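Worth saying up front: this structure is predicted, and the values here are computed from it rather than measured. Counting convention: from 1, in listed order, for ligands and their atoms alike.
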Amino acid sequence: MSGAVLELPTDHPGFSDPDYIERRNLIAELSTSAVLGARPPVVEYTPTENEVWSTVNAALSALHGDYAVAEYRHAAALLELPGDRVPQLVDVSDRLIELSGWRLCAVPGLVSTAEFFSALADRCFPSSQYVRHASVPFYTPEPDVIHELIGHANSLASPRIAALYERAGQVAGRLTDPRLADLLGRVFWFTLEFGLAFEDGVQRTYGAGLLSSFGEITHFREADLRPFDTEAMGRFDDYEISTFQEVLFTAASFDDAEARLLRFFDELTRA
Ligand SMILES: [Fe+2]
């Protein structure tokens with residue numbers, strides 16, 4: 001993939017910005033030249049990129065008190081991502097090793113589902129390093145470094161949440177039936193990316209997709225909320241990664257979500 005040129009869709013905020021595309025290619029080139037699992041390369045972020053990080057991180061951190069589950073808030077407090085600059089994956093990775101035994105691995109962009117789960121089984125989270133387009137700091141159609149770090153790295157600082165990611169990776173590696181692999185992908189999506197849990201009398205989220213999305217975090221309580229049900233999650237065939245989620249699944253508590261997910265992973269392993 002070395003030397004590949006990024007092609008953004010026409011509705012992407014950076015579509016008609018050649019400087020942004022060049023920057024994205026440069027950052028992608030850094031991680032494509034590294035082996036998956038190697039220590040992430042250092043990116044020299046620009047003042048504009050640092051500014052986007054600071055703006056989004058400050059806005060989301062202020063909302064996490066009202067919308068994130070306690071398990072995530074405690075983990076984020078321990079990871080202590082800096083507020084003034086885009087954190088280097090390598091620094092966050094070193095801290096995660098101490099907190100939960102996880103690493104971050106740099107990737108140029110989205111990886112295949114198989115590669116993703118295989119990395120999780122190895123306690124390595126595939127992370128992109130580019131920053132969203134500065135014209136719309138509160139929106140990204142793709143998982144940029146802000147999503148990876150505020151959504152996933154903060155979550156992975158919790159050994160309990162990290163264990164769920166690892167288990168998902170282990171189970172994926174044993175599945176031979178593509179329908180069950182597909183089910184696992186959907187359940188991951190509706191839980192570790194977009195899952196809700198009742199806590200302190202309100203719905204809160206433990207999902208990386210919501211925790212890192214300024215547009216969605218304040219609106220998930222207005223979605224079509226359904227009880228945690230992995231079979232129902234599996235019936236969804238219209239989930240879409242770049243638009244708002246209209247249907248979300250909620251557990252009675254974070255403990256309940258964790259227990260149900262672990263049970264689901266065990267059942268899938270025996271299937
Ligand atoms: Fe994600």
Side-chain angles (χ1 to χ4, degrees), residues 12 24 27-28 31 36 40 52-53 56-57 60 63-64 67-69 71-72 75-76 79 81 86-87 89 92-93 96 100 102-132 138-158 160-169 171-172 181-182 184-197 204-217 220 223 233 236 239-245 247-249 257 261:
H12 192 286
R24 286 278 300 263
I27 292 175
S31 47
L36 186 65
V52 171
W53 167 271
V56 181
N57 182 57
L60 285 171
L63 293 168
H64 286 155
Y67 293 98
V69 297
E71 187 64 26
Y72 170 87
L79 191 61
L81 294 174
V86 187
L89 291 193
V92 181
S93 186
L96 277 179
S100 65
W102 272 68
R103 291 171 298 139
L104 300 179
C105 304
V107 291
L110 282 171
V111 295
S112 73
T113 307
E115 279 178 300
F116 177 73
F117 281 119
S118 158
L120 297 193
D122 204 22
R123 285 197 232 170
C124 154
F125 193 85
S127 304
S128 55
Q129 292 188 284
Y130 63 85
V131 178
R132 63 196 59 184
F138 292 116
Y139 169 76
T140 178
E142 318 140 292
D144 69 343
V145 70
I146 296 179
H147 167 71
E148 314 285 27
L149 296 183
I150 295 180
H152 294 290
N154 273 342
S155 299
L156 287 164
S158 152
R160 287 175 66 187
I161 301 177
L164 297 173
Y165 279 65
E166 184 177 2
R167 198 76 188 95
V171 172
D182 189 59
L184 176 65
R186 288 169 204 276
V187 169
F188 188 95
W189 181 260
F190 281 114
T191 57
L192 293 165
E193 287 283 1
F194 286 92
L196 305 186
R204 290 173 178 269
T205 182
Y206 59 94
L210 291 173
L211 290 161
S212 63
S213 168
F214 185 80
E216 289 180 272
I217 195 167
F220 65 73
M233 293 174 198
F236 264 83
Y239 72 112
E240 171 57 58
I241 67 165
S242 57
T243 58
F244 282 13
Q245 295 300 304
V247 173
L248 296 171
F249 293 88
L261 261 178

Ring centre gap for Phe190 and Phe249 strictly below 6.0 Å: yes
Whether Phe116 and Phe125 hold their rings parallel, tilted or perpendicular, with breakpoints at 30° and 60°: perpendicular
Opening angle between NE2 in His147 and NE2 in His152, taken at the Fe ion (ligand 1), to 10 degrees: 90°
For the Fe ion (ligand 1): the N/O/S atom of Glu193 at shortest distance: OE2
The Fe ion (ligand 1) contact by Glu148, N, O or S atom under 2.8 Å: no
Row check, Tyr130 ring normal vs Arg24 NZ/CZ: under 6.0 Å, within 45°: yes
Glu193 bridged to Arg186 by N-O distance under 4.0 Å: no
